[in-house]
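As structure tokens, the structure follows; a few thoughts come after it.
The chains referred to below are lettered A, B, ... by the order of the sequence lines, with proteins before strands, and numbering in each begins at 1.
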Amino acid sequence: MLKVYNTLSKEKEEFHPQIEGLVKMYVCGVTVYDFCHIGHARAYVVFDVIRRYLRYKGYKVTYVQNFTDVDDKIIKRAAEKGILPLDLSKAMIAEYFTDMERLNIALADSYPKVSEHMEQIISFIEELIAKGYAYVVKGDVYFEVRKFKEYGRLSKRNIEDMQAGVRIEVNQDKRDSLDFSLWKSAKLNEENVSWDSPWGKGRPGWHIECSAMSKEYLGETFDIHGGGHDLIFPHHENEIAQSEALSRNPMAKYWVHNGFVKTNKEKMSKSLGNYFTVRDVLKDNEPMALRLLFLMTHYRAPINYSIEEIKETKVAYDKICKALNIKHVAESTVPEMKIAAYRQQFQDAMDDDFNTAKAVALVFNIVHALNKSQDKKLSDLLQEFVAVLGITTQVSEQVIPEEVETLAKERLEAKNSKNWALSDELREKINDCGYQIEDRKDGYTLKKI
RNA sequence: GGAGACGUCGCCAAGUGGUAAGGCCGUGGUCUGCAAAACCGCUAUCGACAGUUCGAAUCUGUCCGUCUCCUCCA
């Protein structure tokens with residue numbers, strides 16, 4: 001029985017999708033004004049694994065992830081670069097896909113963008129106004145938080161507490177400082193990112209896009225709504241307010257939030273400037289090492305990222321690959337019972353709120369058993385689990401430079417003629433080239449250090 | 001100030017009542033011409049204190065330490 005931790009109840013709940021056999025999930029995507037950092041990468045790896053596991057369990061999964069391509073920061077960054085905001089976001093979306101593909105994150109079923117859903121967003125806002133949940137002031141539209149009685153249910157805070165801690169500048173136009181924007185009127189120099197609306201030219205506030213687009217693609221109620229921990233408040237709280245004010249139905253059954261990636265024990269974020277981009281990290285690290293690094297920690301716990309950490313994980317990753325590269329000479333002797341037991345353990349781990357850390361531990365147990373037995377069934381099983389975790393094992397671009405290959409061949413000759421001195425000398429040279437040679441019965445293997 | 005999370009081997013990290021998974025590192029050995037890889041071993045009583053219990057890393061309380069949200073943020 002799969003159990004999922006629901007932020008809404010703060011408990012692990014048995015997972016039952018609305019429609020038997022079909023899981024509808026919506027994951028908040030990135031605001032595309034810059035390259036993704038590894039905090040983003042973690043979020044999408046997490047939800048990618050959740051999706052893969054649900055499929056493994058036999059569910060059909062509809063996965064929707066948006067792109068926020070209309071936003072203050074995009075406008076600002078584009079202005080700095082002297083390009084159009086939508087050109088910037090378009091370029092960054094392409095970069096997003098480049099990064100995620102390297103991490104083996106499967107494509108979503110759809111990637112709705114704000115700029116392409118103005119109609120839905122505008123009519124959503126109109127309905128909110130009609131029902132008395134929103135009001136218009138000078139071309140801006142605000143959601144009136146106090147009208148939605150359940151406000152604060154997700155983030156577990158009450159309106160009065162929030163009032164006390166308000167530090168944001170008071171906006172005179174709002175009826176209440178907690179009210180948030182549904183529609184922002186166009187300011188000077190924003191012609192390029194403005195759309196016509198009943199309230200004049202402008203653009204949507206941040207939260208409304210997810211309410212409007214999730215409804216469009218998944219309906220009023222869907223199963224899993226995911227995102228980073230930092231989205232719980234205000235983003236998801238506000239989404240709930242908007243969506244449920246209209247539909248009077250739960251927006252999502254399960255609210256799932258992943259923990260942060262930190263550096264030096266601080267949250268990694270664009271505003272703090274303490275982040276590593278996916279690109280930079282993958283420049284000299286194996287993508288699957290990063291993926292494995294994420295999966296070795298439970299998705300809700302924070303991860304403190306460091307260079308040392310990923311280097312260590314690379315060693316662990318290589319271990320998995322090596323085990324899978326074993327040539328199976330022996331007949332399989334592992335009983336089906338044993339295989340079934342492993343499979344059960346794997347599912348028990350994943351059923352427990354997607355405990356990938358536990359699942360990965362099992363993977364290493366199998367690696368160990370496989371190294372000992374060289375059993376085909378174990379190899380297949382390992383392959384099966386690794387696929388659910390989305391870890392690919394064909395090592396990327398293992399092109400051995402010709403000179404290294406030549407040195408290795410010379411060394412093999414020296415070795416065969418028992419010229420140990422020359423053999424060791426050549427091994428040194430190979431090391432200097434950044435490769436390591438491992439002897440095998442039938443020759444050798446070369447590995448990039 | 002309000003809300004919440006965490007503190008497990010040198011490092012990373014599972015485990016939420018029955019006696020400590022896994023990875024990295026280190027280390028002894030087997031194998032090897034020597035290495036590497038692999039294999040066989042070794043390495044923790046769970047932040048502190050008090051309590052509940054036959055029994056606690058796991059529950060309660062206090063304290064110490066770290067972090068997050070309350071503002072854009074995966």
B:C24 to B:C64 separation - C1' atoms, rounded to the nearest Å: 30 Å
Could you give the distance separating B:U45 and B:C11 at their P atoms, to the nearest angstrom? 14 Å
Using a cut-off of 4.0 Å on non-hydrogen atoms, how would the nucleic acid contact of A:F47 be classed: base, sugar-phosphate, or nothing? nothing
Taking the P atom of each, how far is B:G22 from B:C39, in whole Å? 13 Å
Partner lookup for B:C6, please. Criteria are Watson-Crick or G-U wobble with both distances under 3.5 angstrom; report none if nothing qualifies. B:G65
For atom P, what is the distance between B:C12 and B:G51, given to the nearest Å? 32 Å
Cationic N near anionic O, under 4.0 Å, A:K358 to A:D353: no
Polar side chain donor-acceptor pair, A:T31 to A:D71, under 3.5 angstrom: no
Report yes or no: do A:E209 and A:N66 form a side-chain donor-acceptor pair below 3.5 Å? yes
Between B:C59 and B:C46, how far apart are the two P atoms, rounded to whole Å? 15 Å
Should the side chain of A:S423 and the base of B:G33 be counted as holding a donor-acceptor pair, with the cut-off at 3.5 Å? yes
By the 4.0 Å heavy-atom rule, please label A:V261 as base, sugar-phosphate, or nothing. base
With the side chain defined as heavy atoms from C-beta on, A:V30 is closest, among B:A5, B:A74, B:G23, to B:A74
In whole angstroms, how far is the P atom of B:C12 from the CD1 atom of A:I307? 16 Å
Worked verdict on A:F276 versus A:Y305 for ring-ring contact (aromatic ring centres under 6.0 Å, His included): CA-CA 9 Å; A:F276 294 88; A:Y305 175 82; 5.1 Å; yes
Check the orientation of A:F180 and A:F143. Use parallel for under 30°, tilted for 30 to 60°, and perpendicular for over 60°. parallel
Is A:K372 touching bases, backbone alone, or none of the nucleic acid, heavy atoms closer than 4.0 Å? sugar-phosphate
Applying the 3.5 Å cut-off to both distances, the Watson-Crick or G-U partner of B:A56 turns out to be none
Check the distance between B:A37's P and A:K319's NZ and give it to me in whole angstrom. 10 Å
A:V315 side chain: which of B:A36, B:C24, B:U68 is closest? B:C24
Over all strands shown, is A:K415 touching base, sugar-phosphate only, or nothing at heavy-atom distances under 4.0 angstrom? base
Reckon A:H368 touches a base, only the sugar-phosphate, or nothing at all at heavy-atom distances under 4.0 Å? sugar-phosphate
Would you say a side-chain N or O of A:N355 is under 4.0 Å from OP1 or OP2 of B:G15? yes
What does A:I232 touch in the nucleic acid at a heavy-atom separation under 4.0 angstrom: a base, only the sugar-phosphate, or nothing? nothing
Considering only the P atoms, how many Å lie between B:A21 and B:C42, rounded to the nearest integer? 12 Å
Would you classify A:H298 as touching base, sugar-phosphate or nothing, given that sugar-phosphate means primed atoms plus P, OP1 and OP2, and contacts are heavy atoms under 4.0 Å? sugar-phosphate
Tell me whether the side-chain N or O atoms of A:R427 pair up with the base of B:A36 as donor and acceptor below 3.5 Å, since no angle test is needed here. no
Any strand: nucleotide that pairs with B:A20 via Watson-Crick or wobble, under 3.5 Å: none
What's A:D424 touching, base or sugar-phosphate or nothing? Going by heavy atoms closer than 4.0 Å. base
Note: A:D424-A:R427 ion pair, threshold 4.0 Å (strictly below): yes
Under 5.5 Å and under 30°: A:W420 stacked on B:G33: yes
